[in-house]
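Notes to accompany the following structure.
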Amino acid sequence: MASFKPTKVQFLPKLGEKVTEETLYWKNYKSPVQIKEFGAITKIDFSPLPPHNYAVTASTRIHIYGPHSQEPIRSFTRFRDTAYGGSFRGDGKLLVAGSEEGLIRLFDISGRVALRQFAGHSKAVHVTSFLSDGFRVVSGSDDLSCRVWDVPSAVELSSLTEHTDYVRALAPSKLNPDLFVTGSYDHTVKVFDMRSGSSVMTMQHGHPVECVLLYPSEALLVSTGGRYVKVWDLLKGGQELVSLKNHHKTVTCACLSSVGNKLLTGSLDRHIKVYNSSYKVVHNFDCDASILSMAIAPDDEALAVGMTNGVLSVRHRRHQKDKETLTSRRRRGPSYQVFVKGKNFVPRQDDFLVSKPVKQYLRKYDKQLKSFEVSKALDTALQTWTRTSKPDVTVAVIIELNRRGTLKNALAGRNEESLTKILNFLLKHIFDPRFSRPLLMVGDIVLDLYQQVFHESPVVERLLQRLMEVLGREAELQQELLQVLGILDTLFASLTPRKEVMAHAAPPVAQESQLQAA
Amino acid sequence: MVETSDIRVVRCGGSKVNLTPPIISSDSRFVLCTSGDLVKVYSTRTEEWLHSLQGHTNQVTGITLNPANHLQVYSCSVDGTVKLWDFIDGILIKVQLVEVHETVEIFLSSGLCVSACPECFQLVSVHLPKSAEQEVEAKEMSAVSSHISKNPSCTAFGRGGEYIAFARHLQLNVYFFRKQKTYSFSLKATDKKGAKNAFTCIACHPTDDCIATGHEDGKIRLWRNFIHKKEYTYSTQHWHHNAVNTLCFTPEGTHLLSGGIESVLVQWQYGADNRKEFLPRLGGSILHISASSDGQLFCTSHSDNKITVIESSFKVCGVIQGLVKDAVLTDLMIDPRSKALVLNGKPGHLQFYSLLRDKHLYNLDIVQQEYIYEAGLDQFEVVKAAFDIKGSWLATVEERGKKSSDLEFFLKLWAFDERTQSFVLNTTITAAHTDRIISMCFSSSEETTMLVTAAEDSQFKAWCQGADADTQQDQNFWSCDFVGSYHKLNPTNCSFSADSSLLAVSFQEVITIWSPDTWEMLTTLCQPPGVIRDLCFGRLSCSKYLLGTTTKNLLCCWNLLTCELEWSTSVDVSKLQPDPFSENVAAFSYQSKHTDLFVFKPSEPRPLFTNKNVCSEKVHRAVFVPREEPLNSCDESTQWLNRSQLYFLTQNMDLLTFSTATEEDRMLSSSKQLVIDDSVAVTPFYLLLGKHRQQQQKLNTQSHPVSDKPQQTQGSVTIKELLHTPAHVLPAASVLCSMFVNSFLISNTGVQQDPLSWLT
């Protein structure tokens, strides 16, 4: 005697993004922590030393946050005007920042007052950074110049004025203390060498450059500007490797993850895109406002995003441990013990074992189907919870009923309330390509069965009216899509070159036959 | 043309076991059933086929236990004989020729036969003469009724054979042997509620005067008091929703068993009509039910060629499955691993059947849905299946909705699991094509497996395992690799060449040749009009040839190197089957109501072997089955059977094969060797034990070479006889005593060794 085979719920893959390792990795962030700042956040920089505090430059102050604190653990407020580009030195002890008035200030992170002030720029300094030896500071300003300053003596070492527009991007080399890369609104990216005192390489980005970024190997350079992200190969003399256009507004910031050097770009279109090593977008973070700055902590522990509305949102990485504590807490309880009672008993050698037949557990609708209670089975499948969270189960039961030839019986003899349920379900799911076929059949049967009595219930009548409207709209849409498809087909057909089907060596007999076939 | 006589067509394996009710021997150890012209004996405990009773020359139509001796069984056959067998040893005891104007059809109980005329079935009582001869002619017979239903379950013997009840359409007749009188009762065709009252089966209560009748609308009526013509009564019960196929009373008469198309065995308590027990989901619809004489076991035979053995506690304890071939939709296939024949089995399943042992191996559930036994319900059926060359993949197509407009079908791919030794579902493709899949084949190369499906939506698709590179997880799933079409024509066939370097897809009248590596169409071949029906590549030395058959009675062979037609001939080929182990190709042609077979090599248009009039029906399915050990026949006409054997299925669902003379000789000699004590169920364990025992016996005789009682061997026969004969049949003890004592004496003829004999 074969056992009852339960209804098979078809697993239909959803169209859209495919789940890969990368998406799983990037999905593994907790929901963001929002911190309100006083103005637009223009720069975020993580300290290279643990515990990886980060400096957030917004309005006239720089706040330093701890990795998990929501309140700043330190703040630098001695700016008369807007501060820009606060960034740490390689040892995490000093911080340099430019400002709207053109002054560059150097802070000890444990102090409040600026240790040094570098004066010389005539306009706002938007980007500042330490060179990798730690004794020099480089700055880029709206007065079209880049200057290098000596920290101990607070003296300007050199001034480079090769750019013809605002300098808004800067990246010092970590391997060579004399190299740095600047990007400017004159659409160029330049690599400067302090030893020669001039630029050694110039790349045309084609749009005002908002951000430049060097890969840790320093063979690749990323520049963002306009809607484009471009990757340059420095070893090949600044050849463009790839140009990415995945944002639909200006790309303002870019950073590299420390695990696998994945590129992340943030844009005014409120999205952060994560690229894999072949520069395909693998993940997308959505934010509430246009993104101005972004930084990722070492080991990708946290992703901090600064936005135009002054909100700093920090996403922390979810760890396996957190998940475990959650699930273990849920599982603990006496009921589990009851279920496993005696399950791990090992019979001794001379025990006589009486095997109990394994009981087949069936879902409620399966039990009802087993006893041919078709209406009840449909009711069970249409219960609110199943209907809303597992519509595929409901549809599977409908398909099973149809296969048994009893769908009409199951739908017949219903009152207004249960009919409303069915019609609502139809309204919600009839356009899902996975379900539309069985649901259209249900619609037909319902119309056949109840057409005499529809007018008695205004609720059902209204639902039907809506169903008719949406169906009409969908039909129109489908027709239009088909038209587009037809247009595309003709375009493709005219584009593809006419290919000779026959092999050249084919004998005349076969050619004749082809003619016949044609 | 070579015409030979030493190759003959043999009906092989898997005849129906469900034609007549099976019977259980009185000790409940054996189940006997008819199977073609044999009576097969199975063990109830192990479900093994023990042996068969051979001797009838035509379909056996009925068996029953000899009421006088429960170790004997009567069988009757269309050949007009009734035979008496000792079914434990398989010995034919007696043959009775029954001379009726037509053939004997049904055998019911001792002394009654039913004979058949072409237009009407007649019930005839035959007196079986008692004589010691082996072959007797039964001449004494009298007609009981000249019009009975042709359904044998519409006739039944009443209490102790006093009367016989038989029904036809709406009339129930009871014939009393003693009075030689028939009473008849009739029902109306329909009543107000639209019931259909035609009789479908009858059973008589073994001890009570009660007849149970089953009806077309599922009602069961219990008739009582039918000795009177007018004052008869009946009570009605209704559970079955379709016709009741069979009824059976348990030997004590406490219960009534009924079965119908729903495949539920229903047990009604006699007297308390409302108490029922059910045993659902037994398999195909129930055709016959029988009970053992002690009431401990029941047997049901099902429409899917199956016998189920059920304990009286309503638990299935054994299943005897024959080859199911009622509705074969798939091709005949050979599982490359088990070398089993694979075809449609029970609904929604594929069956694996060992032709060598004539034994059902297992069923593979393809549809995985509850089968509803209801007449006229359109359910999923497996319509196509294909194995890849190593047997590690199986592709199946299941279909539903042939009649209605919306066709539903699934393409499923199954991977062979080494651990469980069966196929496991890997991928289900819900909308593989927009219309019905017509043809399907796996590429035959060892390295890459590729499946090509051709469908009526004028496309063919190639499916590959893990072709989608984006998904980095399991690469084991199948996905579409290529979609091809040709001038919006409907494809009719697809076939891979032997080394999988070429794919041939026929579109109506045109054959296109594709390269599966680049998916480039290499060339097209066209022949004089006629839709391509079959397509196959040559093998081995003939791999440069492509064979095709058309609906316009043409068999063509192309040379693929020159792309020219090599030869063509005008034959109406219904099935073209290449042998995977040789160059040979078998073609079945149907002409003027009989089928001919041609076996040829594509390289030469002269056939190696022809067999005219193989059978009278069309042949659509055939398969070459590899032999376990190749024959080494040198005869030109039988050489093609050396490596493999050709099986084919006719339209009447007969599975036939060709056997050579040498093969039959070998079979005969091997069957003589194999003599097993059949009184014990043959199980592997038994065989092992038997061997062990034989060895032990040998050891015993070696260790005790001289028994201390040498005279025992002489006396033992008598003693045995004495001790084993029932006491009440023995003569008086005084008569026996002297004989008994004498048996212990040592005869004088032998050398006197021991003076101290027993009697001193």
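Both backbone and side-chain heavy atoms feed into the values below; hydrogens, waters and symmetry mates do not. It should be emphasised that the depicted structure is a prediction, and the values quoted were computed from it without experimental measurement. First the proteins, then the strands, lettered A, B, ... as listed; each starts at 1.
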Which bit of F314(B) is near chain A, if near means a heavy-atom gap under 4.5 Å: side chain, backbone, both or neither?
neither
Any Lys/Arg nitrogen of R403(A) or D378(B) sitting under 4.0 Å from an Asp/Glu carboxylate oxygen of the other?
no
With heavy-atom distances below 4.5 Å as the criterion, would you say the side chains of R281(B) and K370(A) are in contact?
yes
More than 12 heavy atoms of other residues, nucleotides or ligands under 6.0 Å from CZ of R387(A): yes or no?
yes
Tell me the closest heavy-atom pair linking R404(A) and L377(B), and the distance in Å.
O-CD1, 3.4 Å
With a 4.5 angstrom heavy-atom cut-off, could you sort out which part of F507(B) is near chain A: side chain, backbone, both or neither?
neither
At what distance, to the nearest 0.5 angstrom, does CG of L369(A) lie from CD of E370(B)?
9.5 Å
Using heavy-atom distances under 4.5 Å, tell me whether N402(A) contacts chain B through its side chain, its backbone, both, or neither.
both
Looking only at the side chains, is there a donor atom on one of K8(A) and Q368(B) sitting less than 3.5 Å from an acceptor on the other?
yes
Specify the closest pair of heavy atoms between E400(A) and Q369(B), including all atoms of both residues, with the distance to one decimal.
OE1-NE2, 4.1 Å
